[in-house]
Amino acid sequence: MLLCIMEMRTLAIRNLVGTAAASYLSALSFGYVIGFSSPALPLMQLAKEPMYKNQDAASWFGSVFTLGAMFGCPASGWLVDRVGRKLTLLVTSLPFLLGWLTISFGETLNVLYFGRILTGFSSGMACVVSPLYIAETSTKELRGMLGSGVQLFVTIGIFMVYTMGLVVSWRGLAFIGAVIPLVATLFTLPAPETPRYLLNSNQKSEALRSLLWLRGTSAVAEEECRDMEENTDIDEKVSWSEFRRPELFRPLVVSVMIMLFQQLSGINAVMFYSVSICQSAGFSYASGLAAVMIAAVQVVGTVVACFLMDRAGRRYLLIIAGLGMALSCFVLGGYYHTAGLSTRLPESPTSALVSSSSSDLSWLALASLIGYTTSFALGWGPIPMLLMSEIFPARARGTASAVASLANWMFAFIVTKEFASLQSLFGMGGTFVFFGACCFVAVAYVYHCVPETKGKSLEDIELYFLGRAIRGI
């Protein structure tokens, strides 16, 4: 009997991980989109390519996908509440596919921008539905680890495109990107709908069937279903006016502020332009390899974060990671100041001029970038999306997650598009000092305002914010 129960639980864990794979592949596509511009832009600016000697076009291509993501977030938030989490995952694959094919075969700048916007639209959708799907199918014991897997696959996507960018043309990279959503569709088709969505849709028998498939035993499935029902009102729908209520407003502010600080850390600017940054930091002829090394470190750091998430806790990791990022940014800023490098990124792969002092200290720049990406991977990479999927009530989770993700992409667009302006105003050194200062402010905010969600059920977290609202805290 005991052996039978253990076998059922093993099968349930296998089913749970297999279910998570559907979300992970959407996250992989998302990471591929983020990383694409880093190896592709230097190639697209070579002679006879669409962006030859056109730094402004390259800047728009690097940042315009965030505009698509801004529209993808509310679209996904609307879909997850009306057609379900699973169908939204399936829909997410289509703009990814069309966008990559458009980039692969596009000849003019406008066509390339359109393809980039399409991939951004799907990226925005994936930001909402992927962590939400995993949060609503995971157990509370595994939610942190499985939820961190979303960011892990984002980093794997970045590493993939960086590595292939060493040997594959930018059009070839785009065509490979079109394959990933096709594979994601194959994994999503057999996956179940989330039990919480089914209960909210008054489909209790289907919710029980989904829980049984995910948990393995009927006793566990029925108990969890009862807990969900106690906190679910199938007739209760959220309206925009309700977000003025403290139990909804407080978690929304927490999530939006975490998203803001994630972008003010400068991560997307670093990921979009890592090859160019490495060129400006003295790696003129090995910038691609240096960027691959940085991406690999980020993957390893995120793997470590997956195992620490449910042990160390979200708040602790955010604080430690924020301090590590701040220190790395300050060191990198000091390197640029000491080496006296140009205030702007090189406009092409061959235009980076490296002084002897910068060459002597180039190891310091690489070590700082590695320290920065490692720290980000341990906390500020996986946790913002995980928190977003945890802290909102079930009835508002889709809408609130869309708002938080929209804010994230709006901040990402501003930081990425104005990265060059920051360089002109403060220099590269001053820009990284600015990012470091933002990381320190983020640590202070987490310490004072962000609750710990480790080991708590989604229902317990909802009750926490409701209790704070009742007490007027």
Side-chain angles (χ1 to χ4, degrees), residues 25-69 72 92-123 126 153-185 268 271-279 285-292 295 345-352 416:
L25 287 170
S26 288
L28 185 72
S29 288
F30 171 30
Y32 200 91
V33 173
I34 291 177
F36 177 77
S37 62
S38 185
L41 281 179
L43 300 176
M44 297 170 85
Q45 293 176 273
L46 295 173
K48 298 182 180 181
E49 293 292 353
M51 298 178 192
Y52 179 55
K53 290 187 176 180
N54 192 340
Q55 185 69 15
D56 187 60
S59 174
W60 273 107
F61 186 83
S63 59
V64 76
F65 102 98
T66 59
L67 294 177
T92 299
S93 295
L94 183 59
F96 271 135
L97 175 64
L98 296 177
W100 284 122
L101 291 177
T102 301
I103 294 173
S104 182
F105 296 103
E107 296 291 341
T108 66
L109 287 178
N110 287 337
V111 171
L112 293 173
Y113 290 157
F114 179 67
R116 186 75 167 156
I117 289 172
L118 282 177
T119 59
F121 185 86
S122 275
S123 296
F153 274 79
V154 170
T155 63
I156 292 173
I158 295 171
F159 176 72
M160 278 178 56
V161 73
Y162 279 15
T163 304
M164 290 187 293
L166 297 175
V167 293
V168 179
S169 69
W170 65 269
R171 293 190 186 276
L173 289 175
F175 190 78
I176 293 170
V179 177
I180 303 174
L182 295 177
V183 179
T185 300
N268 273 338
M271 288 295 101
F272 288 176
Y273 301 111
S274 60
V275 170
S276 299
I277 290 172
C278 288
Q279 289 172 1
Y285 303 104
S287 56
L289 285 173
V292 169
L345 295 177
E347 295 190 4
S348 72
T350 59
S351 64
T416 307

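Keep in mind that this is a model prediction, so the values were computed, not measured. As a basis for the values below, the full set of heavy atoms in this structure was taken, side chains included, without hydrogen atoms, waters or symmetry mates.
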Peer 1: Once rounded to the nearest 0.5 Å, what's the spacing between atom CD1 of Ile180 and atom CZ of Phe153?
Peer 2: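 Rounded to the nearest 0.5 Å, the CD1-CZ separation comes out at 11.0 Å.
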Peer 1: Can you see which heavy atom on Pro42 is nearest to which on Pro39, and at what distance?
Peer 2: CD-O, 3.6 Å
Peer 1: Restricting to side-chain contact (heavy atoms from CB on, under 4.5 Å), what partner residues turn up for Leu118, sequence neighbours left out?
Peer 2: Leu98, Thr102, Phe114
Peer 1: Give me each pair satisfying salt bridge (Lys or Arg N to Asp or Glu O under 4.0 Å) with a member in residues 28-46, each pair once, sequence neighbours excluded.
Peer 2: none
Peer 1: Could you grab the distance from atom OG1 of Thr155 to atom CG of Leu28, nearest 0.5 Å is fine?
Peer 2: 9.5 Å
Peer 1: Are the side chain of Arg116 and the backbone of Val33 linked by a donor-acceptor contact shorter than 3.5 Å?
Peer 2: yes
Peer 1: Would you mind telling me which of Pro95, Ser29, Ser26 makes a side chain to side chain contact (heavy atoms under 4.5 Å, CB included) with Pro181?
Peer 2: Ser29
Peer 1: Could you give the distance from CZ (Phe121) to CZ (Phe96), rounded to the nearest 0.5 Å?
Peer 2: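 Answer for the CZ-CZ pair, Phe121 versus Phe96, is 11.0 Å.
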Peer 1: Has the side chain of Ser122 got a donor or acceptor atom that lies under 3.5 Å from a matching backbone atom of Thr92?
Peer 2: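 It does hold such a pair.
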Peer 1: Determine all donor-acceptor pairs shorter than 3.5 Å in which one atom belongs to a side chain in residues 163-179; sequence neighbours excluded.
Peer 2:
| residue | atom | partner | partner atom | Å |
| --- | --- | --- | --- | --- |
| Thr163 | OG1 | Phe159 | O | 2.8 |
| Ser169 | OG | Gly172 | N | 3.1 |
| Trp170 | NE1 | Glu49 | OE1 | 3.1 |
| Arg171 | NH1 | Ser104 | O | 3.0 |
| Arg171 | NH1 | Gly106 | O | 2.6 |
| Arg171 | NH2 | Gly106 | O | 2.9 |

Peer 1: Taking all non-hydrogen atoms of both residues into account, name the closest pair between Tyr162 and Ser38 and its distance.
Peer 2: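 Tyr162 and Ser38 have their closest heavy atoms at CE1-CB, 3.4 Å.
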Peer 1: What I'd like to find out is whether the side chain of Leu109 reaches to under 4.5 Å of the side chain of Phe61, using heavy atoms alone.
Peer 2: no
Peer 1: Are Thr119 and Phe36 packed together at the side-chain level, in the sense that at least one heavy-atom pair is separated by less than 4.5 angstrom?
Peer 2: no
Peer 1: ring-ring contact (aromatic ring centres under 6.0 Å, His included) with Phe30: which residues, sequence neighbours excluded?
Peer 2: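 ring-ring contact (aromatic ring centres under 6.0 Å, His included) check on Phe30 returns Trp409.
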Peer 1: How long is the gap from CG on Leu25 to OG on Ser93, to the nearest 0.5 Å?
Peer 2: 8.5 Å
Peer 1: Output all residues satisfying side-chain contact (heavy atoms from CB on, under 4.5 Å) with Leu182, sequence neighbours left out; order by chain, then residue number.
Peer 2: Leu97
Peer 1: Could you work out, with ring-ring contact (aromatic ring centres under 6.0 Å, His included) as the rule, every residue matching Tyr32, not counting sequence neighbours?
Peer 2: Trp100
